[in-house]
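Predicted model only: the values in this text are computed from it and were never measured. Sequential numbering from 1 along the given sequence is applied to the chain's residues.
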Amino acid sequence: MQSPISKKPKEYLQSRGLNYELLELGYNSWQFHHRGKLNKQDLQACINAGLLIIYKGKTPNGSSNYTPFAKDCVIFPLRNKQNQIVSIYGRRTTDETKNKHYYLKDRTGLYPNYPGINTSKLIITEAIIDAATLLQIEEITAEHEVLSSYGTNGLTSEHLQAIKELTQLSEIIFFFDGDQAGN
């Protein structure tokens, strides 16, 4: 049986030690708006959400063109308190640009989700990929909830509010890189 994920993101995920069969994620090959041509309502919804950015230049035929959000990125869902996907994070799989991290405008939501109300042990990671790595280890997830910050300065008010609501919380472990920023 052929894998449902294409070669480029599969190789990237393997290089990062991530098993796509265990994680909820996607991949933006940046072609979704070309397949079957989006109707005007769906096109506008994608623009409003930030999934498509209107290209400022002119195309040869004078039509509108769009730059896709998070081109060549593995996509991770960000969830609200009701466990609904409300935003996404994209991690570039290629080295074409210095920017490797993409969040939708007006980002909300937490990865992988809000910690359960009865959480007593919480691991806060520096990045979504770190959280995804820990989510694959049953010995960790059996005893700890995992929550990603969005970089060393990315512990948002939404994170803090979610943590404050954990009345059973007895331990927080910060799982950040051992570099200067992580320290």
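- Side-chain contact check for His159 versus Leu110: some heavy-atom pair is nearer than 4.5 Å.
- There is no path of hydrophobic side-chain contacts, each under 4.5 Å, that joins Val86 to Leu104.
- When every heavy atom of Ala70 is checked against every heavy atom of Gly90, the shortest pair comes out as CB-CA, 4.3 Å.
- The environment of Gln82 atom CD is dense: over 12 non-hydrogen atoms of other residues, nucleotides or ligands sit within 6.0 angstrom.
- Enclosure of atom CZ in Phe175 is not indicated, since only 12 or fewer non-hydrogen atoms of other residues, nucleotides or ligands lie within 6.0 angstrom.
- With rounding to the nearest 0.5 Å, the separation of OG1 in Thr141 from CD in Glu143 is 10.0 Å.
- No side-chain heavy atom of Leu13 sits less than 4.5 Å from a side-chain heavy atom of Leu23.
- Pairing each heavy atom of Ala49 with each of Lys105, the nearest pair is C-CE, 4.0 Å.
- The CD1 atom of Ile172 sits 9.5 Å away from the CG atom of Leu147 when rounded to the nearest 0.5 Å.
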Run the side-chain hydrogen bond (donor to acceptor under 3.5 Å, both in side chains) test on Tyr114 and Glu145 for me, step by step, so that the C-alpha distance in whole Å, both residues' side-chain angles and the decisive distance to 0.1 Å come before the verdict.
CA-CA 9 Å; Tyr114 271 66; Glu145 286 279 341; over 6 Å; no
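- In terms of heavy-atom proximity, Pro9 sits nearest to Tyr27 at CB-CD1, 3.4 Å.
- We find the NZ-CG distance between Lys121 and Leu169 to be 11.0 Å, quoted to the nearest 0.5 Å.
- Within a 6.0 Å radius of CD in Gln84, more than 12 heavy atoms belonging to other residues, nucleotides or ligands are found.
- Side-chain atoms of Leu134 and His144, non-hydrogen and from C-beta on, never get closer than 4.5 Å to each other.
- Phe174 contributes atom CZ, which lies 11.0 Å from atom OG1 of Thr125 (distance to the nearest 0.5 angstrom).
- Checked by atom type and distance alone, the side chain of Glu165 never pairs as donor or acceptor with a backbone atom of Ile117 at under 3.5 Å.
- Here the straight-line distance linking atom NZ of Lys10 with atom OG of Ser15 works out to 13.5 Å at 0.5 Å rounding.
- No donor-acceptor pair under 3.5 Å is formed between the side chain of Asp42 and the backbone N or O of Asn39.
- The side-chain contact (heavy atoms from CB on, under 4.5 Å) with Tyr12 is formed by just one residue from the set Leu18, Thr93, Thr94; it is Thr93.
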Begin from the C-alpha positions of Leu51 and Ile88 and carry the test side-chain contact (heavy atoms from CB on, under 4.5 Å) through to its verdict. CA-CA 10 Å; Leu51 294 172; Ile88 56 178; 3.9 Å; yes
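- Leu78 and Gly109 get closest at one heavy-atom pair: CB-C, 3.9 Å.
- Contact annotation: the side chain of Leu160 approaches that of Leu155 to within less than 4.5 Å [non-hydrogen atoms, C-beta and beyond].
- Judged by distance alone, with hydrogens and angles left aside, the side-chain atoms of Ser120 form no donor-acceptor pair with the main-chain N or O of Ser170 at under 3.5 Å.
- Contact record, Ala127 with Ser148: C-OG, 3.0 Å, taken as the closest heavy-atom pair.
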Yes or no on side-chain contact (heavy atoms from CB on, under 4.5 Å) for Asp130 and Phe176, after CA distance, side-chain angles and deciding distance? CA-CA 8 Å; Asp130 300 329; Phe176 282 46; over 6 Å; no
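- The two residues Ala132 and Tyr111 come nearest to each other via the heavy atoms CB-OH, 3.7 Å.
- Applying the salt bridge (charged side-chain N to carboxylate O under 4.0 Å, His left out) rule to Glu24 yields the partners Arg79; only residues at least two apart in sequence or on another chain are considered.
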Assess whether side-chain contact (heavy atoms from CB on, under 4.5 Å) is satisfied between Cys73 and Arg92, documenting all intermediate values. CA-CA 4 Å; Cys73 287; Arg92 185 170 303 275; 3.9 Å; yes
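- Note: Ile140 CD1 to Thr133 OG1 = 9.5 Å, rounded to the nearest 0.5 Å.
- With hydrogens and angles ignored, the 3.5 Å screen pairs a side-chain donor or acceptor of Ser149 with a backbone N or O of Gly151.
- Around atom CG of Asn48, more than 12 heavy atoms belonging to other residues, nucleotides or ligands sit under 6.0 Å away.
- Inter-residue side-chain proximity for Thr108 and Asn80 is flagged as unmet; no heavy-atom pair is nearer than 4.5 Å.
- Every residue two or more places apart in sequence or in another chain that forms a ring-ring contact (aromatic ring centres under 6.0 Å, His included) with Tyr103 is listed here: Tyr89, Tyr150.
- For Glu11, the salt bridge (charged side-chain N to carboxylate O under 4.0 Å, His left out) partners two or more places apart in sequence, or in a different chain, are Lys7.
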For Ile163 and Thr119: C-alpha separation, side-chain torsions, deciding distance, then whether side-chain contact (heavy atoms from CB on, under 4.5 Å) applies.
CA-CA 9 Å; Ile163 293 166; Thr119 297; over 6 Å; no
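- The closest side-chain heavy-atom distance from Ile128 to Arg91 is not below 4.5 Å.
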